[in-house]
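Structure record follows, encoded as structure tokens.
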Amino acid sequence: MTLRETIGLEPDARQTDPRLSGIIKLAILAVGGQGGGVLTGWIEDLARAQGYAAQATSVAGVSQRTGATVYYVEMAPLRPGDPVPVFSLMPAPGDVDIMITAEMMEAGRAIIRGFVTPDRTTLITSTHRALAVSEKMVPGDGIASSEEVMAAAGIAARRVIAADFDALAIQSGSVISASLFGALAGAGVLPFPREAFETAIKAGGKGAEASLRAFGEAFDVAANPASEAAPAAQSRPEPKAQGPARLIAEWERLAARASALPAPVAELALPGLRKVVEFQDAAYGAEYLDRLGGVLAQDDAANGWALSRESAKYIANAMAYDDIIRVADLKTCARRFDRIRSEMGVNKANVLHLTEFFHPRAAEIVGLFPARLGARLEADPKWMARLTRWFDRGRRLRTDRLPAFLTLHILGGLKGWRRRTLRHAQEQAHLDRWLQTALSEVARNYDLAVELIRCRRLIKGYSDTHARGHSKFDRVLAATARIAARKDAADWCRRLREAALQDEEGKALDGAIRTIDSFA
Amino acid sequence: MAERSFKAEVEHLRKGEGDTFTGEGILAITKALLENGVGYVGGYQGAPISHLMDVLADAEDLMAELGIRFEANANEAAAAAMLAASVHYPIRGAVTFKGSVGVNVASDALANLASSGVNGGALIIVGEDYGEGSSIMQERSHAFAMKSQFWLLDPRPNLPSIVKAVKDGFELSEASNTPVMLIVRIRSCHVTGSFQTRDNQRPKLSVRDALSNPQSDFARVVLPPMSYAHEQDKISNRWPNAERFIRERQLNEVFGPKTAPVGIVLQGGMYNGVIRALQRLGLADLWGNTKVPLYVLNVTYPLISSEFLEFCAGKDQVLVIEEGQPEFIEQQLSTFLYRAGSSVKLRGKGPLPMAGEYTGQVMLDGIAAFLKDAAPQMLPALVRAPNEDRPAIPDLTGTVPIRPPGFCTGCPERPIFAAIKLVQKETGKLQISADIGCHLFGALPPFEVGGATMGYGLSPAANAAFDGGGERRPVSIIGDGGFWHNGLSSSFTNMAFNRSDGVAVIVDNYYSAATGGQDVMSSRADNPTKATKHPIAKALKGIGIDWVRQVDRTYDVGRMRDVLREALTTDTPGPKVIVASSECMLNRQRREKPLAQKAIEEGRRVEAPRFGVDEDVCTGDHACIRLSGCPSLSLKKLDDPLRDDPVASIDQSCVGCGNCGEVADAAVLCPSFYRADVVHNPSRWEARMAAFRARVIGWLQSRRAARRLTFEVRP
């Protein structure tokens, strides 16, 4: 998807022609490894070949290791006999004509640093994201808002040219430096013809063909705003049910039930239904709709069916828990094999080896046992130690080979057995408890009931992470229970949940709970 | 093999009289050395002059042709000590390292060199790592020139000026028998431009010839009473000679009108920034013709009182632009004015900030503030009373995440820190000291392993207070670069001699990786001019450290964790040292990628590994990222209304190092990860077997699909 905006003044309305005002100042903000140096080199060579004096500088220290790096180029026409102009070695706020940023947050950084100003700066940015570690390590969703940066760019820049130049480059088998160079040419902000840009790439030699393709694609995007006007909103086709006719008929009955729910609920109930049916079977789907029906009975249109809508989502997630059977099934289905082949670019002549990293623990093994026997074993430390000795070890399974594939294929076929397992009993009990806790609040505080339903989000992951999620879930619910009588209980519940998603150890959650303790 | 190759550029170093050289600052410096008949060069890499060392290494053939000796010195002290060749012999020598940390290391040799004095020109080229992008404490090398009495050049940051400074530096050194330090700042090392070349000169006396005719002079030895004589010589001869040379040769420059109410004194390195500020104030043109007189100190030590007082004559106020603190130059110039009974008002730190880099904005604000006060009539109306109406730009500081440098994709150090993090989950937080090098990124999220660093090669020494042991052992981390730089002597013999109970982890990535991948003693590469392949473990045995564990594949997180645990718990007395070795992935990819590509094209069998995440299995808790931080392991938002949090996702840049799978296993995370090895050009038997398996698997899959409800989006 590409996006381009031309904001603010008409070209040349206020800014003087850079050819007359002397020095053209161009800064590049890139993440290490994006080829900022190559791009800088091209721009410099281009300017010199076109009879300009040019100077480039960069700070290439350890910052090149995935850090953000600034490259800076200045150029001015060089008339014969004139001395060389005095160029600056670093960009100054309010004094940059062209700002190229090779990533969306780097555009934000350029704006923060004042390198993008409404009177003069053309901002050329790639809209793709290279996530910072601080965004990635959050247990919840820590991804920074690109929309905020886009909105600020609209105000800060004289003109914005924004597109996913990274994707564009990858499509052409090249790297982002080539597509950004194309965008620079297409933007028409440098007084040089397109051919001169292309000559600079060709002079580089290595990989010139792919670079020129990426250059051309990006040139068109930057030069013709009309050509990529907002892409038609794509409506995703609904997934289609497949299987034997008898099951399809059953599915259609269930789907009709879900569709008949109030529209905001049905919108999530349909994917929810698909998820639980795929997890188990049609009967399980019916159970899902029954549960949802129980919630709906306590809900009404006055609240926009918020409770039922959230329940449609989280009951489905709770019912389709992550057990060995589900993982084994997902790992061995044809859809996955096809996806991997296409993602890894495997062609007919290649052979694909596939290695899975499993580390089963005693708890997961016991979870597969019949509920009563499993519960007995789980309570017996000797047996757990024995199972740990037998099973608890990292296993590399080659699922492209028959022994490992068959093992997982058989495990994935144990759906018929699943309802009898200890894990299933535990999950059902937990689900019922959670749902009951939430529904018991409906009469007193509808909003709190909705927030309690949403707390299901905290339960995710496997083994330790799963246990930690469970403990956070329990702590949030316990803390909420203590203040459930307060008017603002829903708000506190939300805050607790958000705090729990902020860091791994639950430091933010501890803080929030301490706050609650202070007045509860 | 260094990260950047200058083989192509080095050919330009052969240019002769009247040619034009276009390129980077560091190449210009190399060319200038050749043009000035240098007899030997050396140095130690480190930003921002790493590339200068790489250029010199790549130019070794050319230097050999000219009879120039090149050494990649073991550290900065060794480099500075090499200048001893210029003490007795009329041979020009140059060494390079980074300031101010490299100068710290070299200071012992520099002080002795400055005391002895030199016969041949001795040039120390220092890459001053100050300001944005700097990786060290913010200090100035200037202080070293003042304490040891050697001269400091800070030329204007353009190629002709830098090239001239090399020539001036040698001549000044010889005229005053004093070593000269040439400072180039981060940006001037990498600034591009052109200059007119001259022919390369062979040294008048080569080091080989000098060796055939050894010289010694008792008077040059730093021993009493000669050391007292050296001090007197510095003051009564060398300094006046230097001053005379600087004045006569006009090393400092004056620009602008002869008379004006105000003037600016500046370090040469500040020139372009000052001109830009004046341009923006309407007081200078494109070519640097300025309305404000400038006194440009291309020599920042010593300062010439008479020259400065002449510049001040007739002016009311003078502004000193001196980056960094303390304000040595301003203090000295104030003294000159005071001693001369002058009424000229000197300004500096005040209109300009005491600390921090003098960026474009700082310079503009400082000079504008000075002129508004000292000579408002010179300023255009707009600056005197700004009448601007800028739209408010939304504050993004809360939105945009910081992006500190980190381990590269596939870095072999990542699993070491994952293992340390896992061990700390068992033992509780450990006392950990760190060194200089890539491994210092381990101190940042997501690992947050490692505390203070005391300098290159000093990490185990920095834990010395804890050598006696306690409830939990202290751990120090050091790189192979640090080990050979100074670590073996200062840290490991210290540990061995004091019977330390501590644990040291040596991160051996086969190179001095952080400085650009230069070879070190333990590098595995064949290097035609250097002795490599000396195992670190052997050196440790040699100094009597017996508890040494060699891990040859750091990606094995489980083994790394177990070895660390063993080191922390063993009963063996004395130092416990783990050598964790795996090749720097940047270097490895640079070497192997083209070879693999070629092999695929030639029809040879190649396995290309890459990791993937099953997004249906991933629950979006990001525990894997908290043990990795790999750039290629990122997140993506699924187009699924039932999912709240983004799931892990591995992009095409993955090099299949294995950390993801190992961590998922060792930390028992989740079964989402898989490794896909794409086999190019498989053997016929292999392909036939794969086809057979695929048929069986396909049959089982469609058999199951036919009995179940599944949902698929049909394109």
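Keep in mind that what you see is a predicted model, and the values were worked out from it rather than measured. Note on naming: letters A, B, ... go to the chains in the order of the sequence lines (proteins, then strands), and numbering restarts at 1 for each one.
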Is chain B contacted by the side chain of [X], its backbone, both, or neither, given a heavy-atom distance below 4.5 Å?
X	result
A:Ser88	both
A:Lys25	side chain
A:Leu247	both
A:Val116	backbone
A:Asp45	neither
A:Ala349	backbone
A:Leu330	side chain
A:Ala130	both
A:Glu103	side chain
A:Asn347	neither
A:Arg274	both
A:Leu406	side chain
A:Arg398	neither
A:Glu343	both

For [X], is it the side chain, the backbone, both, or neither that has a heavy atom closer than 4.5 Å to a heavy atom of chain A?
X	answer
B:Lys98	neither
B:Ala676	both
B:Phe611	both
B:Leu635	both
B:Arg185	neither
B:Thr22	side chain
B:Cys630	backbone
B:Leu633	backbone

Sort out for me which of [options] touches chain A most, counting heavy-atom pairs under 4.5 Å.
options	result
B:Leu642, B:Asp285, B:Leu700	B:Leu642
B:Glu132, B:Gln279, B:Arg156, B:Arg187	B:Arg187
B:Glu686, B:Arg693, B:Arg707	B:Arg693
B:Pro682, B:Gly360, B:Gly131	B:Pro682
B:Gly288, B:Pro445, B:Pro646, B:Cys618	B:Pro646

Would you tell me whether [X] and [Y] have side-chain atoms, one donor and one acceptor, within less than 3.5 Å of each other?
X	Y	value
A:His359	A:Asp392	yes
A:Glu148	B:Thr399	yes
B:Thr710	A:Glu278	no
A:Glu356	A:Thr399	yes
A:Asn317	A:Lys460	no

Q) Is there a side-chain contact between A:Arg468 and B:Asp621 (heavy atoms, below 4.5 Å)? A)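 Of all side-chain heavy-atom pairs linking B:Asp621 with A:Arg468, none is under 4.5 Å.
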
Inspect the contact between [Y] and [X] and indicate whether a charged nitrogen and a carboxylate oxygen are less than 4.0 angstrom apart.
X	Y	value
A:Arg129	A:Glu106	no
B:Arg610	B:Asp677	no
A:Asp329	A:Lys415	yes
B:Arg605	B:Glu607	yes

Q) With a cut-off of under 6.0 Å to the ring centre and 45° to the axis, is B:Arg276 in cation-pi contact with B:Tyr271? A)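 Negative - B:Arg276 is either too far from the ring of B:Tyr271 or too far off its axis.
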
Q) Looking at the rings of A:His466 and A:Tyr462, which for Trp means the six-membered one, are their centres under 6.0 Å apart? A)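 Here the rings of A:Tyr462 and A:His466 have centres that are no less than 6.0 Å from each other.
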
Q) Can you name the closest pair of heavy atoms from A:Leu397 and A:Phe358 and give their distance? A)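 Nearest heavy atoms, A:Leu397 then A:Phe358: CD1-CD1, 3.6 Å.
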
